[in-house]
Amino acid sequence: MLVIGSGPGGQKAAIAAAKLGRRVAVVERPDRVGGVSIHTGTIPSKTLREAVLYLTGLTQRDLYGQSYRLKDEITVADLTARTQHVVGREVDVIRSQLSRNQVALVAGTGRFVDANTVAVTDMTGQERLLTAHHIVIATGTRPARPDLVEFDERTIMDSDNVINLERVPRSMVIVGAGVIGLEYASMFAALGSKVTVVEQRARMLEFCDEEVVEALRYHLRDLAVTFRFGEKVAAVERHPRGTLTVLESGKKIPADAVMYSAGRQGLTDDLDLQKAGLSADARGRIAVDEHFRTAVPHIYAVGDVIGFPALAATSMEQGRTAAYHACGEPVHPMPELQPIGIYTIPEISYVGRTEDQLTEDCVPFEVGVARYRELARGQIIGDAHGMLKLLVSPEDRRLLGVHCFGTGATELIHIGQAVMGCGGTVDYLVDAVFNYPTLAESYKVAALDATNKIRQIDRMAD
Ligand SMILES: Cc1cc2nc3c(=O)[nH]c(=O)nc-3n(C[C@H](O)[C@H](O)[C@H](O)COP(=O)(O)OP(=O)(O)OC[C@H]3O[C@@H](n4cnc5c(N)ncnc54)[C@H](O)[C@@H]3O)c2cc1C
């Protein structure tokens with residue numbers, strides 16, 4: 001098996017095929033082992049977030065007062081030290097996992113010569129031909145850049161360059177209120193930058209629970225974030241004193257820096273896909289079937305290059321599933337029930353359906369809520385705003401959705417996912433004993449809230 005790209009999808013495909021006894025090689029640029037996930041995406045952004053939370057002391061201010069900070073003048077060097085350390089370690093782990101499993105790492109970039117042959121060009125320009133029974137395309141994406149904007153990668157940036165900022169900007173415009181835009185908006189706002197988020201749609205994170213999104217908007221406004229919804233950018237000008245973002249409505253927003261976060265483009269231009277009998281759509285994405293097979297059955301595509309949901313979490317599983325299918329190993333189709341984690345400050349996570357979706361589908365539900373301020377652990381850690389919401393079917397008492405906002409949301413959600421995935425009911429959570437004091441206890445509190453409401457309705461009918 002030959003894998004093009006060493007991001008989460010490519011790595012897991014390669015390792016799974018090697019474990020099943022296949023000879024495997026991964027093609028990747030030498031400075032990019034680990035993919036976007038390790039170098040510019042998931043890992044640097046999440047490490048930066050951790051450094052921001054630690055150095056600003058933001059999460060401790062409910063306990064020690066609004067002026068509490070670990071360090072007054074936070075420099076970019078303070079922030080990047082941790083990122084470089086983590087990225088270095090992660091690259092090491094990946095290299096070691098590949099070599100332990102006898103996966104050959106071939107340095108260079110690959111392009112198709114025919115449906116079974118890939119030409120790999122190394123950094124000196126030398127070319128080498130590799131053939132394989134199965135090929136996995138895991139080349140990922142790059143940030144999409146609108147033609148009208150001139151990116152200098154210092155003051156006008158995309159999410160790939162923002163981690164290389166020379167100083168923390170005093171003010172910043174973020175174009176696009178998607179997950180990546182809002183994660184960076186939270187971090188810069190926590191660092192004290194005056195952030196303006198410009199979004200052409202009327203709302204943000206439409207796929208999330210409305211109450212949770214409202215809570216996030218409130219918290220970000222509290223950190224001096226300004227939202228401009230329903231606004232399009234007409235031009236971004238660079239001036240000696242900073243940038244000026246001009247909106248189609250005529251508004252002008254001066255700022256030290258601008259970050260674009262307006263979608264991503266599949267990295268397929270240089271693959272010579274047509275030589276393998278394949279093609280990509282206008283956004284560079286490759287179509288696949290439920291086994292991640294492309295139109296050419298022995299060529300698979302996984303990860304961001306196939307589009308939604310474009311997460312490291314799903315890319316890994318797609319890679320493993322594709323490799324199992326290619327090797328004839330039985331494999332379950334990927335479950336529909338998948339968690340979503342959004343690392344804004346505070347963080348958001350959910351699994352299953354939202355109240356809006358259930359209402360639209362005419363599915364009755366009852367809501368059970370637990371607020372962190374009523375949990376001993378919530379008081380201990382100083383998180384008064386966090387909450388967990390369960391959506392429960394009053395008919396069969398199964399969980400229809402779990403929505404969490406606040407400290408540990410992205411971890412806590414997996415309790416709900418496990419209960420839902422195993423077909424459990426709200427009664428399991430009512431009866432279970434949780435460690436005390438924990439945030440996990442919120443499941444029991446929310447389950448009791450939901451079942452008390454259901455009982456009240458049942459009693460009416462008695
Ligand atoms: C700022 C940011 C934050 C994110 N945060 C999260 C998060 O918190 N959680 C989460 O689950 N996901 C997150 N993501 C998404 C996650 O990073 C991606 O879903 C994931 O990296 C996709 O994995 P992939 O396997 O498609 O490959 P990628 O990680 O995109 O890597 C593809 C690799 O292929 C290589 N490549 C491309 N073309 C060729 C070629 N011709 N020859 C050889 N190699 C090639 C590239 O060099 C690259 O290294 C984030 C993304 C960004 C940008």
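One-based numbering, in listed order, for ligands and for the atoms of each. Computed from a predicted model, the values in this text were never measured in an experiment. The figures here come from the full heavy-atom set of this structure, side chains too, leaving out hydrogens, waters and symmetry mates.
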message = Main chain of G34, side chain of S6: is a donor-acceptor contact present, judged purely on distance under 3.5 Å?
response = yes
Nearest non-hydrogen partners of L412 and Y443, listed with the distance = O-OH, 2.8 Å
task = Give the residue, atom name and distance (to 0.1 Å) of the protein heavy atom nearest atom 29 (O) of ligand 1.
result = V36 N, 3.0 Å
query = What residue and atom, counting heavy atoms only, is the protein's closest point to atom 11 (O) of ligand 1, and at what distance?
reply = A312 N, 3.0 Å
query = Starting from atom 46 (C) of ligand 1, which protein heavy atom do you reach first, and at what distance in Å?
reply = E28 OE2, 3.6 Å
remark   = When rounded to the nearest 0.5 Å, the distance separating CD1 of I174 from OG1 of T226 is 11.5 Å
note = Shortest non-hydrogen pair, A18 vs V103, comes out as CB-CG2, 3.8 Å
query = Is it the side chain (CB and beyond), the backbone, both or neither of I38 that lies under 4.0 Å from ligand 1, heavy atoms counted?
reply = neither
query = Going by the angle between their ring planes, with limits at 30° and 60°, are Y350 and F207 parallel, tilted or perpendicular?
reply = tilted
task = Would you mind listing which atoms of ligand 1 come within a distance below 4.0 Å of any non-hydrogen atom of I4?
result = 40 (C), 42 (N), 43 (C)
task = Apply the test salt bridge (Lys or Arg N to Asp or Glu O under 4.0 Å) to residues E183 and R49: give CA-CA distance (whole Å), side-chain angles for both, the deciding distance (0.1 Å), then the verdict.
result = CA-CA 8 Å; E183 287 183 358; R49 179 183 186 274; over 6 Å; no
Audit row: K275, D114, salt bridge (Lys or Arg N to Asp or Glu O under 4.0 Å) steps and yes/no = CA-CA 5 Å; K275 292 196 175 150; D114 60 45; over 6 Å; no
key: Pairing of K389 and E210 as salt bridge, 4.0 angstrom limit   = no
query = Looking only at protein heavy atoms, which one is nearest to atom 23 (O) of ligand 1, and how far off is it?
reply = P8 CD, 3.2 Å
Ligand-residue contact atoms, ligand 1 with Y343, heavy atoms, under 4.0 Å = 8 (O)
remark   = For K46, the atoms of ligand 1 under 4.0 Å from one of its heavy atoms are 3 (C), 4 (C), 5 (N), 6 (C), 7 (C), 8 (O)
message = Below 3.5 Å, N or O to N or O, backbone or side chain included: is there any such pair between R29 and ligand 1?
response = no
ask   = For ligand 1, which atoms have a heavy atom of G9 less than 4.0 angstrom away?
value = 25 (O)
For G108, the ligand 1 atoms whose distance to one of its heavy atoms is below 4.0 Å = 43 (C)
query = Taking the six-membered ring of F151, is the NZ or CZ of R145 close enough (under 6.0 Å from the centre) and on axis enough (within 45°)?
reply = yes
query = For R203, does the CZ atom sit with more than 12 other heavy atoms under 6.0 Å from it, leaving out its own atoms?
reply = yes
key: Presence of salt bridge, E127 and R111, under 4.0 angstrom   = yes
query = Can you tell me which residue and heavy atom of the protein come closest to atom 22 (C) of ligand 1, and the distance to 0.1 Å?
reply = D304 OD1, 3.2 Å
query = Could an N or O of ligand 1 be found under 3.5 Å from any N or O of A310, whether backbone or side chain?
reply = yes
remark   = A student checking ligand 1 against T109 at a 4.0 Å heavy-atom cut-off should list atoms 42 (N), 43 (C)
ask   = Could an N or O of ligand 1 be found under 3.5 Å from any N or O of V305, whether backbone or side chain?
value = no
ask   = Tell me: protein heavy atom nearest atom 39 (C) of ligand 1, and distance?
value = T139 CG2, 3.6 Å
request  = For L271, counting its heavy atoms only, list the atoms of ligand 1 lying under 4.0 Å from any of them.
outcome  = 41 (N)
ask   = Quick check: does G34 get an N/O under 3.5 Å from an N/O on ligand 1?
value = no
query = ligand 1 versus T42, non-hydrogen atoms closer than 4.0 Å: side chain, backbone, both, neither?
reply = both
query = Judging by distance only, is a nitrogen or oxygen of L267 under 3.5 angstrom from one on ligand 1?
reply = no
key: Per-atom contacts, ligand 1 versus R32 - under 4.0 Å to a heavy atom   = 47 (O), 49 (O)
query = At under 4.0 Å between heavy atoms, which part of Q11 makes contact with ligand 1: side chain, backbone, both or neither?
reply = neither
key: Gap separating the CD1 atom of I163 from the NE2 atom of H39, nearest 0.5 angstrom   = 10.0 Å
message = So for atom NZ, which belongs to K19, do other residues, nucleotides or ligands contribute more than 12 heavy atoms lying within a distance under 6.0 Å?
response = no
inquiry  = Among all the protein's non-hydrogen atoms, which is closest to atom 42 (N) of ligand 1, and how far away is it?
reply    = G110 N, 2.8 Å
ask   = Hey, would you say the F405 and H219 ring centroids sit under 6.0 Å apart?
value = yes
Sidechain N-carboxylate O distance under 4.0 Å for E150, R238 = yes
Closest approach of any protein heavy atom to atom 53 (C) of ligand 1, naming residue and atom = R264 NH1, 3.3 Å
inquiry  = Evaluate S37 for polar contact with ligand 1, using N/O atom pairs at a separation under 3.5 Å.
reply    = yes
